[in-house]
Asks: 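Before I ask anything, let me first share the structure, which is written out below as structure tokens.
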Protein chains: 2
Amino acid sequence: MTVPELGIKITRTKTPSIEEFVVYFSSMKPLFTHIQQYCEVSNSTLKSLGAVLKKEELPKGAFLHTEGKVCSYIYFLEKGCLRGFYNLDGKEVTYWFAFENNFVTSFFSFITRKPGVENIQLTEDCTLWSITYEDLQELYAKHHDMERLGRIMNERYYVMLEERFLSNHFKEARERYENLLTSAPHILQRVPLGYVASYLGITQETLSRIRSKA
Amino acid sequence: MTVPELGIKITRTKTPSIEEFVVYFSSMKPLFTHIQQYCEVSNSTLKSLGAVLKKEELPKGAFLHTEGKVCSYIYFLEKGCLRGFYNLDGKEVTYWFAFENNFVTSFFSFITRKPGVENIQLTEDCTLWSITYEDLQELYAKHHDMERLGRIMNERYYVMLEERFLSNHFKEARERYENLLTSAPHILQRVPLGYVASYLGITQETLSRIRSKA
DNA sequence: TCCATTATTTGACATATGTCAAAGAGCGAA
DNA sequence: TTCGCTCTTTGACATATGTCAAATAATGGA
């Protein structure tokens, strides 16, 4: 048996492989594949996960979360691009972006179960997979390997945030921009310069001047 | 039976309580008590944890970790105070402190298993509990509730880092200092001002001027 | 195509913070 | 106490970055 859409040939065995499971959850393949890079997750856990995932296709400009609310969803971003920002003195301050294969939520609010100041808005049309806070807690409780995945993803995201913290804290604007150019040039091609400026912690005018004197 | 040191009265039952376990691991009580605030951990897990914990009492000035090495330990700081710093252009840049009841490690190195640029140095005499990376992984693998504890602690520390990131990124030096004064005044009483300045991302001179114009 | 809107650049100037040097304060050891 | 060290403050000046305003460039819809 072959699944044309995926180009996967299926052979029935007692313990179904990850490839076989994607027959049932074929559209979740990008997510499942991504997960398995970090931690081995059993088929039964993937099955439970697949049962509570909800696919969402939203247009550019839509909001995943707005300030003042408790965030009850975490998302896997399969396709597209979005930003987290908050309002400061009437200005929108963008402080992170997410692209393909990123997990996305208003982290503070999702973890602490309190309302925050963050907004999450799509900067491109997106394909997302959502899971509720409650469903995630249930998966954590039922499946040790899901808990492990959560632990490992939290570690990864912590390390990334720490690197960014150090960069912003102790390097000059020009250096931060040049680091971004080499480490994540795709950001500059996909989002307006004004967003990138506040991501780098500087004004749009300063970023413009840095670019012109490059 | 009563343990005078702890003031705990013991009654033998089939399933020993946390109070009974502290008879065997009495000196680990601060750590166990702290842990239970975040997540319920079974006695059998605490027992496994206690079996691999090692108590360390080190003097002010000692190093827990130095740059260029892979960090293989995570510590629970029961008493004392220490700092994380790295060398930048011949200057020491302190970027975090830890006090009583904090978990401490060179996070980047501990997680990624790569050498980093971080140094960890005691700024007071300290009482610590150490556990190796390998022992921790084993505990994670054997005990779902230990994995859960790891997942939850990672979440907490992520949220704290995010708050600090936002504060440093988008607020002025004076405001950051004033926030520190209200949220963590103990820092200023326990570490030299020069350390606090680099923690706030400013020079010692600037911090001194902020204080004089308060 | 042209227009309206948004995104980006440029200019003039203000200000926060850094740098370097030196003076003053605090504090422990002999 | 006095000495020698470290910690903290102060001064003079340099520089990075912000602010506000305006000009220019890019973009998408009618």
Side-chain angles (χ1 to χ4, degrees), chain A residues 59-62 81-83 85-95 97 121-125 166-181 185-214, chain B residues 59-62 81-83 85-95 97 121-125 166-181 185-214:
Chain A
K60 174 177 176 171
C81 168
L82 45 80
R83 68 178 181 129
F85 73 92
Y86 69 93
N87 291 294
L88 182 69
D89 309 328
K91 283 180 199 164
E92 294 184 350
V93 180
T94 298
Y95 66 107
F97 300 106
Q121 185 182 31
L122 311 207
T123 54
E124 295 178 2
D125 296 349
L166 290 176
S167 166
N168 279 23
H169 206 41
F170 300 113
K171 290 181 182 167
E172 298 209 331
R174 150 159 267 116
E175 204 177 347
R176 299 204 294 272
Y177 171 70
E178 283 164 359
N179 285 348
L180 190 71
L181 266 187
H186 59 280
I187 292 185
L188 286 145
Q189 282 142 22
R190 288 177 71 175
V191 299
L193 220 56
Y195 294 173
V196 175
S198 65
Y199 176 84
L200 290 171
I202 55 181
T203 60
Q204 182 165 325
E205 295 92 330
T206 297
L207 178 55
S208 182
R209 290 190 176 99
I210 286 173
R211 283 157 58 88
S212 69
K213 285 174 211 150
Chain B
K60 174 177 176 172
C81 168
L82 45 81
R83 68 178 179 129
F85 74 91
Y86 69 92
N87 291 294
L88 182 68
D89 308 329
K91 283 180 198 164
E92 293 184 351
V93 179
T94 297
Y95 67 107
F97 300 107
Q121 185 182 31
L122 312 206
T123 56
E124 294 178 2
D125 296 349
L166 290 174
S167 165
N168 279 22
H169 206 42
F170 300 113
K171 290 180 182 167
E172 298 208 330
R174 150 158 268 116
E175 203 177 347
R176 299 204 294 272
Y177 172 69
E178 282 163 359
N179 285 349
L180 190 71
L181 266 187
H186 58 280
I187 293 185
L188 286 146
Q189 282 141 23
R190 289 175 72 175
V191 300
L193 220 56
Y195 294 174
V196 175
S198 65
Y199 176 84
L200 291 170
I202 55 181
T203 60
Q204 181 164 324
E205 294 91 330
T206 297
L207 178 56
S208 181
R209 291 190 176 97
I210 287 173
R211 283 156 59 90
S212 70
K213 286 174 212 151

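We name chains A, B, ... by the order of the sequence lines, and we start the count at 1 in each one.
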Asks: Output the distance between atom CG (Leu200(B)) and atom CD1 (Ile210(B)), rounded to the nearest 0.5 Å.
Replies: 7.5 Å

Asks: Sugar-phosphate means primed atoms, P, OP1 and OP2; the rest is base. With that split, encode nucleotides 24-30 of chain C 5' to 3' as B, S or - using protein heavy atoms under 4.0 Å.
Replies: -------

Asks: Whole Å only: how far is the CZ atom of Arg209(B) from the C1' atom of dA23(C)?
Replies: 13 Å

Asks: Is the shortest side-chain heavy-atom distance between Tyr86(A) and Leu166(B) below 4.5 Å?
Replies: yes

Asks: Chain B on DNA chain D: first and last contacting nucleotide, 5' to 3', under 4.0 Å to a heavy atom?
Replies: dT8(D) to dA12(D)

Asks: Does Arg83(A) have any salt bridge (charged side-chain N to carboxylate O under 4.0 Å, His left out) partners at least two apart in sequence or in another chain, and if so, which?
Replies: Glu92(A)

Asks: When the axes are fitted on five pairs at both termini, how much does the helix from dT1(C)-dA30(D) to dA30(C)-dT1(D) curve, in 10° steps?
Replies: 40°

Asks: Send over the distance from Arg211(A) CZ to dA7(C) P, rounded to a whole Å.
Replies: 14 Å

Asks: Is any side-chain heavy atom of Arg176(B) less than 4.5 Å from a side-chain heavy atom of Ile202(B)?
Replies: yes

Asks: Pick the nucleotide of DNA chain D nearest each of Arg176(A) and Glu205(A); which residue has the one closer to the 5' end?
Replies: Arg176(A)

Asks: Using whole Å, what does the distance between atom C1' of nucleotide dT8(C) and atom CD of Gln204(A) come to?
Replies: 6 Å

Asks: Just jot down the side-chain hydrogen bond (donor to acceptor under 3.5 Å, both in side chains) partners of Thr206(A), sequence neighbours excluded, or say none.
Replies: Thr203(A)

Asks: Checking Thr94(A) side chain against Tyr199(A) main chain: does a donor-acceptor pair fall under 3.5 Å?
Replies: no

Asks: For residues 186-197 of chain B, tabulate all N or O donor-acceptor pairs below 3.5 Å that involve a side-chain atom, not counting sequence neighbours.
Replies:
residue	atom	partner	partner atom	Å
Arg190(B)	NE	Glu124(B)	OE2	2.9
Arg190(B)	NH1	Glu100(B)	OE1	2.9
Arg190(B)	NH2	Gly80(B)	O	3.1
Arg190(B)	NH2	Glu100(B)	OE1	3.4
Arg190(B)	NH2	Glu100(B)	OE2	3.2
Arg190(B)	NH2	Glu124(B)	OE1	2.9

Asks: When you measure from the side chain of Gln121(A) to the backbone of Ala62(A), do you find a donor-acceptor pair of N or O atoms at a distance under 3.5 Å?
Replies: no

Asks: Let me know the distance between OH of Tyr177(A) and C1' of dT8(C), rounded to the nearest Å.
Replies: 12 Å

Asks: Calculate, to the nearest 0.5 Å, the distance between atoms OH and CG belonging to Tyr177(A) and Leu207(A) respectively.
Replies: 6.0 Å

Asks: Identify whether the distance between the nearest side-chain nitrogen and carboxylate oxygen of Arg174(A) and Glu178(A) falls below 4.0 Å.
Replies: yes

Asks: Measuring from Ser167(B):OG to Glu172(B):CD, what's the distance to the nearest 0.5 Å?
Replies: 11.5 Å

